[in-house]
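What follows is a single structure, written as structure tokens, with notes after it.
Protein chains get the first letters and strands the later ones, always in sequence-line order, with residue 1 at the start of each. Note: hydrogens, waters and symmetry copies are ignored here, and every other heavy atom, side chains too, is used.
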Amino acid sequence: MRALLNQRFITLVVLAAVIAALPLVFPSGYYFRVASLVWVSALAAIGLNILMGQAGQVSLGHAAFFGIGAYAVAIGPTHLGIPPWAALLVGAVLSGILAYLVGRPILRLKGHYLAIATLGLGVLVALVITTESRWTGGPDGMPVERLTLFGWRVSGSYTWYWVTGGLLLIGTWIALNLDETPTGRAFRALHDSEVAAQVVGVDVARFKLQAFVIAAIYASLAGSALAFMNGFINPDQAGFLHSVELVTIVVLGGLGSVVGSIVGAAVLITLPQALTIFQEYEHLLLGLIIIVAMIFMRNGIVPSLSGLMVRRTRS
Amino acid sequence: MAEFLQFLISGLTVGAVYALVALGFTLIYNASGVVNFAQGEFVMLGGMVTVFVSAAGVPLPLAAVIAIGIAVAIGLLLHRFAIEPARGASAVTLIIITIGASILLRGLAAIVFDKQFHKLPAFTGDAPVDVLGAAVQPQSFWVLGGTAVVVLALYVFLEHTITGKAVLATAANRLAARLVGINTTTIMALAFGGSAAIGAIAGILVTPITLTSYDVGTLLALKGFAAAMLGGMGNPVGAVVGGLLLGLLEAFGAGYISSTYKDAFAFVVILIVLFAAPQGLFGRRVVERV
């Protein structure tokens, strides 16, 4: 137990050190922006990983919650006069409620049926966002008011680097701790065998729903952060491809590994930025890298590498 | 009545394409247990290759054959270099691999061809045919007829040839199939090639109506997957019925309720169906043994 506590503590310290040290090597403001994007995606991915990696349930529509968070902070202040910070909370609550309401029937499904149901949910939310242009600006998107906290205007890529970095630290801390609570253990029992979990008295439906709600709130907060940071939002953030991107981050980094989600986000977000030098070959290379990575590291980057290290030290 | 008929025919036309995509999903799923999200890219390839080869001066029928050939080759390559090496990986890993393949193929198409929309001429002219008051494009009959031929050919292949029966055996139980001497790797390659051909045919048939571009695959894959699930994953009859049903839902929904929410009807109905019948309309109820 003490060793685990230490391991969690070390993970957080290393993450904090990385976040604090990176600016020292950044040559320009552009790098702050890319890094902030990584932190935001990692936050959403960590949440999704609680659902996928810990509780073992697939969601192919997770960007819906990301979109709800993003549009809450766009629509709230613009159309309803809600202060931006309160709109962020409203978005998180709405995401949680939606996840709670649709979660119960959806999570009864298994495997590919669960995949298509969550996918359907995602497509519907994206469609509503694209169509209700009076509220959302339609396919063109809409501007987002700057976040103001206690009279302090949060803006600039430098500031947002620290804000999103801080959010990621908090998100990581919660996820790491959750793993060690009775809830976290129930999630893992679910993952291994629902029937066995049920036999030992785990309320399967309740814990699945909990994981879904937690994952939705994570995504919603990440969406809000991105909307504030960009000062602009469009329906792509809620779309199918973004859902796929989130799932890819989780699986690429490693199912069930919190650090994996951060590494996965770092790879998948920075790669296209790095590949823009190849311009038109960007997608081709991205697809190729995803295929090769999943074939040779099918458990994800972090578990595969740590497994390799364990084997090295043993032999 | 004329209006109803109009929606019916346009719904069946679009539904036929969804049915073919769903059949492709089903064929690969049955043989290998993989949900192939690159299925929509085969449709895109069918349309795009035909457009560019025929623009180079090759007659349309020959261009279509070349397009199917290229799609099949890519399907086989996909199986050989992406699916086969990942044998034994989890379902979600395999899904990510096929999504990677779909991104790769889209990127490839954007480079080899371009990012514009393209159209093929209708096979037999554009003069609408009057069917009991409804104006129907002749190409609709090509799509419906083509789909019927593909479905029939697939049925005959599966039920009346030894190789087809080997495919069914592999779908029913892979291990047992191997034990009676069926080379399941060959069967899987066959399924990928066959699915690619079916997808490409769908692309060629529908491009005169709906246009094509390098990125049409994603939405088609979503709808095809939805159709396959609606019918019950793994059931070829379910795939066809699911596809046609999906097309009809969209057409009638768009016609009578709201055209802006056309794409929503399909997914709302799928959610409702899955809540009522979690295995899809024609799915087998699986009893899990522990």
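- In this structure, chain A has no heavy atom under 4.5 Å from any part of B:Ala110.
- In this structure, chain A has a heavy atom under 4.5 Å from the side chain of B:Leu271, while its backbone stays farther away.
- Contact residues of residues 235-255 of chain B toward chain A are absent (heavy-atom distance under 4.5 Å).
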Handout entry: Worked check of side chain to side chain contact (heavy atoms under 4.5 Å, CB included) between A:Val247 and B:Ile99
Key = CA-CA 11 Å; A:Val247 173; B:Ile99 288 173; over 6 Å; no

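- For A:Ile290, the part lying under 4.5 angstrom from a heavy atom of chain B is the side chain only.
- Taking CD1 from B:Ile111 and CG from A:Leu284, the interatomic distance works out to 5.0 Å, rounded to the nearest 0.5 Å.
- B:Tyr261 places no side-chain N or O within 3.5 Å of a backbone atom of A:Leu124 that could act as its donor or acceptor partner.
- Scanning residues 211-224 of chain B against chain A with a 4.5 Å heavy-atom cutoff picks out B:Thr218, B:Leu222, ordered by number.
- For chain A, the option among B:Ala89, B:Ser102, B:Ala228 with the highest count of heavy-atom pairs below 4.5 Å is B:Ala89.
- Of all residues in residues 78-85 of chain B, those placing a non-hydrogen atom less than 4.5 angstrom from a non-hydrogen atom of chain A are B:Phe81, B:Ala82, B:Pro85.
- Between the CZ atom of B:Phe267 and the CG atom of A:Leu127 there is a distance of 9.0 Å, given to the nearest 0.5 Å.
- A:His283 and B:Ile103 get closest at one heavy-atom pair: O-CG2, 3.5 Å.
- Expressed to the nearest 0.5 Å, how far OG1 of A:Thr131 lies from NZ of B:Lys262 amounts to 11.5 Å.
- Evaluation of the salt bridge (charged side-chain N to carboxylate O under 4.0 Å, His left out) test over residues 51-61 of chain A, restricted to residues two or more places apart or in two chains, returns none.
- With a 4.5 angstrom heavy-atom cutoff, B:Ile270 touches chain A only via side-chain atoms.
- Nearest approach of B:Ile97 to A:Ile295, heavy atoms of both residues: CD1-CG1, 3.9 Å.
- Remark: side-chain polar atoms of A:Arg298 are not paired, donor with acceptor, to backbone N or O of B:Ser90 under 3.5 angstrom.
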